[in-house]
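See below for the structure under consideration.
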Amino acid sequence: MLDLQFICDHSDEVKKNCEARGVTVDVDAVLQFREDRNKLITAGDELRRQAKETSSKIPNASAEERPALIELGKKLRDEVSEAEAKQKEVEVKLYEQQSLIPNMTHPDAPVGGEDDATELRVVGDKPNFDFEPLDHVDIAAKLDLIDFEAGSRVAGHGFYYLKNDAVMLELALIQFALMKVRSEGFTLYTTPDLARDSVLEGIGFNPRGEETQIYSVSGTDLSLVATAEITLGGAMKDQTVDITDLPIKVAGLSHCFRTEAGAHGRKTRGIYRVHQFTKVEMFGFTGPDVEQSNALHMQIVRIEEEIFQALGIPYRLIDTATGDLGGPAYRKFDLEAWMPGRGEYGEVTSASNCTDYQARRLGIRCRSAEKKGTQFVHTLNGTAISCARALIAVLENYQQADGSVVVPEVLRPWVGKDVISVS
RNA sequence: GGAGAGGUGGCAGAGUGGCCGAUUGCACCGGUCUUGAAAACCGGCGUGCCGCAAGGUACCGGGAGUUCAAAUCUCCCCCUCUCCGCCA
């Protein structure tokens, strides 16, 4: 959520930003609701003041004065409740509109839609196969690495069983990513796979809406998390930290569950788009200025690149265009790995600087000796390794003519072999 | 899941209907004293919202209620601790 004062002081900029992001919001309505609300607050405060004054007179009032004061108190109480109801009504409308306004955008982010993203760099050499490369589904079939049938039988389309060396490969990817982020100063966590709806909402997910991406548990206020971003960010909900404790860098391993509503029929072969996968996510809290959050953003992107470089997987780095940014993101970089079976790049990581947008809704503040009051921290998130897609990249880039797959060198300690071959 | 005890400002911990936005201690900041420090003493010290300001208002886990008046009484929910049950 954007700061209300900021919206009012910079309404033209906010409008322009909404336009660039392809979001339709009535910014003027927000200004109007705010004005209405402020008047109601002032009026309500005055009524409460009178009510308090009246009540405070009663204990010392004479028996004759008392009944009149009590009557006045009752009248004021009713007026206060009426005023509060009106105020609440306006605040609901205000909040609704305000929530629709996306974060402001980094000045360097390209303006436009998906195709307008800036390709910042292309790293690594695509493998030269002297044979027709297979996609990960066929590779996995030959090597008996994934059981899609069992997945469907047990949980439906979009679920899968990893099997044999794919299990070791997945765990190796996790281990490798965890070691890497720990060496970069991130505190490691495994996090809950369920979270309260209020936490999901704070991060920017809409758990029970019509087109929700989220599975929710009926009869509870819990939902399955779509990413550990939810639990890592949510862990600090309503907390105030000392500014000298920032930045806080954490990383979490969790399962991720997504309904993928409306994604049917679009490049859904294999484990590219699935309802459940495992991911190591980085999350950061920094002091409240973009210099600090941008610096951590760059570190997160650098780590992501180094992970894929170490895995020996060619990729390109994308600076996401305004129209493709989620509401909370100020800027977002995606790593897209080369996937020979698909014959194209596929998104494998995503790193966002959300500035204070998430923190405002989650109530994560910091306190400093210099400034009175508190300020909202900046939050960032980025993928260290997302197993399903990383697995695709490994299998497809490391496939051999004989159907075997060479294990990337950095993963061998955990996989326990150099090559995965037909047994 | 059952029984009991709790949740108050950065921490500790009073407060059971009006004198309480809240006693006190610690921590913290400023001052006096001191060669310096400690101790002692004096003063300050929560957050949000409205307001140009003076000031007002809200907040004692969260929500609803009773009352002229709620940290305090009632109900629901969340959380923590102890014991019991169950269990990887």
Side-chain angles (χ1 to χ4, degrees), chain A residues 1-9 30-95 97-99 190-202 207-208 216-223 230-231 234-246 248 255 285 288 356 359-377:
Chain A
M1 191 143 62
L2 229 45
D3 179 53
L4 192 51
Q5 188 67 50
F6 178 88
I7 296 169
C8 294
D9 293 345
V30 171
L31 304 189
Q32 185 59 50
F33 286 143
R34 172 172 142 103
E35 207 182 311
D36 295 348
R37 182 197 66 147
N38 288 4
K39 280 181 187 154
L40 289 167
I41 286 174
T42 306
D45 279 357
E46 173 57 19
L47 283 172
R48 268 182 289 271
R49 193 195 60 74
Q50 289 176 26
K52 269 172 84 166
E53 194 182 49
T54 306
S55 298
S56 68
K57 282 183 191 161
I58 291 175
N60 299 316
S62 64
E64 300 87 69
E65 296 170 323
R66 204 166 277 220
L69 285 172
I70 290 178
E71 268 319 299
L72 179 59
K74 280 186 185 176
K75 182 175 151 260
L76 286 168
R77 179 187 60 195
D78 292 344
E79 283 174 20
V80 166
S81 354
E82 202 184 320
E84 279 174 351
K86 269 193 207 161
Q87 185 187 327
K88 205 169 179 180
E89 202 180 302
V90 173
E91 278 177 343
V92 167
K93 287 195 272 190
L94 172 62
Y95 187 84
Q97 283 300 311
Q98 193 186 345
S99 301
T190 58
T191 81
D193 285 341
L194 286 90
R196 287 184 208 288
D197 290 343
S198 60
V199 174
L200 291 258
E201 279 158 13
R208 316 245 171 183
S216 45
V217 182
S218 70
T220 74
D221 65 341
L222 293 170
S223 292
I230 292 164
T231 46
M236 293 292 285
K237 193 173 187 291
D238 295 322
Q239 302 301 298
T240 303
V241 299
D242 198 286
I243 200 159
T244 55
D245 293 333
L246 296 172
I248 295 171
H255 290 122
F285 306 88
D356 60 358
R360 182 166 293 105
R361 196 144 42 176
L362 283 167
I364 308 175
R365 303 156 187 274
C366 65
R367 179 182 24 243
S368 66
E370 298 86 53
K371 275 196 174 170
K372 232 179 117 67
T374 58
Q375 292 172 281
F376 292 106
V377 303

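Note that this is a predicted model, so its numbers are computed, not measured. Heavy atoms only: backbone and side chains are in, while hydrogens, waters and symmetry mates are out. Chain letters run A, B, ... following the sequence lines, proteins first, then strands; residues in each count from 1.
- The P atoms of B:A37 and B:C29 are separated by 14 Å, rounded to the nearest whole Å.
- Within 4.0 Å (heavy atoms only), A:R66 reaches no atom of the nucleic acid at all.
- For the pairing with A:E91, the side chain to side chain donor-acceptor pair (under 3.5 Å) check across A:K93, A:K88, A:Q87 returns one residue only, A:Q87.
- Regarding A:F376, its CZ atom lies at a distance of 11 Å from the C1' atom of B:U47, rounded to whole Å.
- A straight line from CZ of A:R367 to C1' of B:A27 spans 13 Å, rounded to a whole angstrom.
- Contact between the side-chain N/O atoms of A:K74 and the OP1/OP2 oxygens of B:U66 is not found at any separation under 4.0 Å.
- The backbone N or O of A:R360 sits nowhere less than 3.5 Å from a side-chain atom of A:R365 that would complete a donor-acceptor pair.
- Side-chain nitrogen and oxygen atoms of A:K52 include at least one within less than 4.0 Å of the OP1 or OP2 phosphate oxygen of B:A58.
- Checking the phosphate oxygens (OP1, OP2) of B:C50, a side-chain nitrogen or oxygen of A:R37 falls inside 4.0 Å.
- Distance noted for atom P between B:A3 and B:A22: 39 Å (whole Å).
- Of the two residues contacting RNA chain B, namely A:K88 and A:R365, the nearest-nucleotide position lying further toward the 5' end is that of A:R365.
- For CD of A:E84, the number of neighbouring non-hydrogen atoms (other residues, nucleotides, ligands) closer than 6.0 Å is greater than 12.
- Residue contacts shown for A:G44 are absent, as no nucleic acid heavy atom lies under 4.0 Å away.
- Rounded to an integer number of Å, the gap from CD of A:E84 to P of B:G63 is 12 Å.
- Atom-to-atom, CG of A:D242 to C1' of B:C11 comes out at 14 Å; the value is rounded to the nearest Å.
- Close to B:C68, at under 4.0 Å from its OP1 or OP2, lies a side-chain N or O of A:R77.
- Crowding of A:K86 atom NZ: a count of heavy atoms from other residues, nucleotides or ligands under 6.0 Å not exceeding 12.
- Nearest to the side-chain atoms of A:I58 among the listed nucleotides B:G56, B:C68, B:C50 stands B:C68.
- Taking 4.0 angstrom as the limit, A:R196 places a side-chain polar atom (N or O) nearer than this to OP1 or OP2 of B:C79.
- Each of A:E46, A:K52, A:R48 was compared with A:Q50 under the side chain to side chain donor-acceptor pair (under 3.5 Å) criterion, and only A:E46 meets it.
- Atom NZ of A:K86 is separated from atom P of B:C50 by 19 Å (rounded to the nearest Å).
- Taking atom P on both nucleotides, B:G63 is separated from B:G9 by 16 Å, rounded to a whole Å.
- Comparing B:C60 with B:U72, their P atoms sit 8 Å apart, to the nearest whole Å.
- No contact: A:S56 has no heavy atom under 4.0 Å from any strand.
- Atom name C1', nucleotides B:G46 and B:C42: the rounded distance is 23 Å, in whole Å.
- B:U82 and B:A3 make up a base pair, with Watson-Crick or G-U wobble contacts both under 3.5 Å.
- Distance noted for atom P between B:G65 and B:G1: 28 Å (whole Å).
- Taking atom C1' on both nucleotides, B:U8 is separated from B:C79 by 15 Å, rounded to a whole Å.
- Using a 4.0 Å cut-off, some side-chain N or O of A:R34 falls inside it from OP1 or OP2 of B:C50.
- Using the Watson-Crick or G-U wobble rule with both distances under 3.5 Å, B:A14 pairs with nothing in any strand shown.
- Nucleotides B:C19 and B:A69 have their C1' atoms positioned 13 Å apart, rounded to a whole Å.
- Rounding to whole angstrom units, CG of residue A:D221 and C1' of B:C78 are separated by 9 Å.
- Of all nucleotides present, only B:G63 satisfies the Watson-Crick or G-U wobble test against B:C75, with each distance under 3.5 Å.
- When both pairing distances are held under 3.5 Å, B:C28 makes a Watson-Crick or G-U pair with B:G44.
- Across all strands shown, B:A54 has no partner, as no Watson-Crick or G-U wobble contact with both distances under 3.5 Å is found.
- Of the residues near RNA chain B, A:Q5 and A:R48, the one whose nearest nucleotide (by heavy atom distance) lies more toward the 5' end is A:Q5.
- In summary, A:K75 and A:E79 engage in a salt bridge, as defined by a charged side-chain N under 4.0 Å from a carboxylate O.
- Taking 4.0 angstrom as the limit, A:N38 places a side-chain polar atom (N or O) nearer than this to OP1 or OP2 of B:G51.
- Atom-to-atom, CD of A:E53 to C1' of B:C19 comes out at 17 Å; the value is rounded to the nearest Å.
- When side chains are defined from C-beta on, A:V199 does not count as touching A:T231, because their heavy atoms never get closer than 4.5 Å.
- Residue-level contact check: A:T374 touches the backbone only, with heavy atoms under 4.0 Å from sugar-phosphate atoms and none from bases.
- The shortest side-chain heavy-atom distance between A:L72 and A:K57 does not fall under the 4.5 Å cut-off.
- Rounded to a whole Å, the CG atom of A:D45 is 16 Å from the P atom of B:G48.
- Counting any heavy atom pair closer than 4.0 Å across all strands shown, A:L69 reaches no nucleic acid atom.
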